[in-house]
Colleague: 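Starting off with a structure, shown below.
Each chain gets a letter, A, B and so on, in the order its sequence line appears, and its residues count up from 1. Since this is a predicted model, take the numbers as computed values, not measurements.
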Amino acid sequence: DAGITQSPRHKVTETGTPVTLRCHQTENHRYMYWYRQDPGHGLRLIHYSYGVKDTDKGEVSDGYSVSRSKTEDFLLTLESATSSQTSVYFCAISESTGGSEKLFFGSGTQLSVL
Amino acid sequence: GNSVTQMEGPVTLSEEAFLTINCTYTATGYPSLFWYVQYPGEGLQLLLKATKADDKGSNKGFEATYRKETTSFHLEKGSVQVSDSAVYFCALTRQGAQKLVFGQGTRLTINP
């Protein structure tokens, strides 16, 4: 299994509070991604990173920010959590730019915003 | 834009039944196509992939053929097992791009 650790695994928070989710990899892969999984929507890309300090938006980036100060860590921050951000969040990594390259996923973080 | 449409779930079958989960796509250029599987409580993992038209991906008894003429990548298995119970996601990525686009997922339950 790819060395991807997401923390925390579960979190309950209140509307308006800041939340940071962490993804840590031991594979030294260049590309890292944050997805959210919601019923009826599959997985949707929030943000991704193609190197240290290099990040870009995905299709559902509003309300989220990311940072990557080290190759192994990719942080997802909800500046002011809303109930619509209740979801399961998955981090993923990949090694190359090839379109056929597979992604390795973490086990997910269940976030509930009350 | 790029999109993936999967058959509506959930799908419930008996053990040893034949499985088909339909997947069609819309994409510019020549995408690579994937099936990912998510077992309960886990992240997604790659099941199989195909990178060009008429390619067949296969793994663990599952197969899918890249059909450009029908823009489809249907997942099949001849005899399912209880252990195949999971959520299955069809996905695509364009050549040279890293970002996967997922279908909505199909929950499969196999009863003994």
Colleague: Does a side-chain heavy-atom distance below 4.5 Å link A:Lys102 with B:Tyr36?
Modeller: yes

Colleague: Report which part of A:Leu43 has an atom under 4.5 Å of a heavy atom belonging to chain B: side chain, backbone, both, or neither.
Modeller: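 Backbone plus side chain of A:Leu43, per the 4.5 Å heavy-atom cut-off to chain B.
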
Colleague: If you take all heavy atoms of A:Phe90 and B:Gln38, which pair is closest and at what distance?
Modeller: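 Scanning both residues, the minimum pair turns out to be CZ-NE2, 3.2 Å.
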
Colleague: With a strict 4.5 Å heavy-atom criterion, list every residue of residues 56-65 of chain A that contacts chain B, or say none.
Modeller: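 Under the 4.5 Å heavy-atom cut-off, nothing qualifies.
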
Colleague: Any chain of hydrophobic side-chain contacts (each under 4.5 Å) joining B:Val37 to B:Phe102?
Modeller: no

Colleague: According to a 4.5 Å side-chain heavy-atom criterion applied to Ile, Leu, Val, Met, Phe, Trp and Tyr, with indirect links allowed, do A:Phe104 and B:Leu47 form part of one hydrophobic cluster?
Modeller: no

Colleague: Would you say B:Leu48 and B:Phe89 are hydrophobically clustered, going by side-chain heavy atoms of ILVMFWY under 4.5 Å?
Modeller: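 Different clusters.
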
Colleague: Need one label for B:Gln6: side chain, backbone, both or neither, based on atoms under 4.5 Å from any heavy atom in chain A.
Modeller: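 No part of it gets close to chain A.
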
Colleague: Heavy-atom distance under 4.5 Å between the side chains of B:Phe34 and A:Leu103, does that happen here?
Modeller: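 Counting from C-beta outward, B:Phe34 and A:Leu103 never come under 4.5 Å.
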
Colleague: What do you reckon, is NZ of B:Lys52 surrounded by more than 12 foreign heavy atoms closer than 6.0 Å?
Modeller: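 It does not: B:Lys52 NZ has 12 such atoms or fewer within range.
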
Colleague: What part of A:Gln110 lies closer than 4.5 angstrom to a heavy atom of chain B: side chain, backbone, both or neither?
Modeller: neither

Colleague: Can you say whether A:Arg44 sits under 4.5 Å from chain B via the side chain, the backbone, both, or neither, judging by heavy atoms?
Modeller: neither

Colleague: Hydrophobic clusters here meaning ILVMFWY residues chained together by side-chain heavy-atom distances under 4.5 Å, can you tell me if B:Leu92 and B:Phe73 are in one?
Modeller: yes

Colleague: Please identify, among B:Leu46, B:Val4, B:Leu33, the residue contributing the most non-hydrogen atom pairs under 4.5 Å to chain A.
Modeller: B:Leu46

Colleague: With hydrophobic residues grouped by side-chain heavy-atom distances under 4.5 Å, do A:Phe74 and A:Val19 end up in a single group?
Modeller: yes

Colleague: Could you give the distance from CG (B:Leu44) to OH (A:Tyr35), rounded to the nearest 0.5 Å?
Modeller: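 Interatomic distance, B:Leu44 CG to A:Tyr35 OH, rounded to 0.5 Å: 9.5 Å.
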
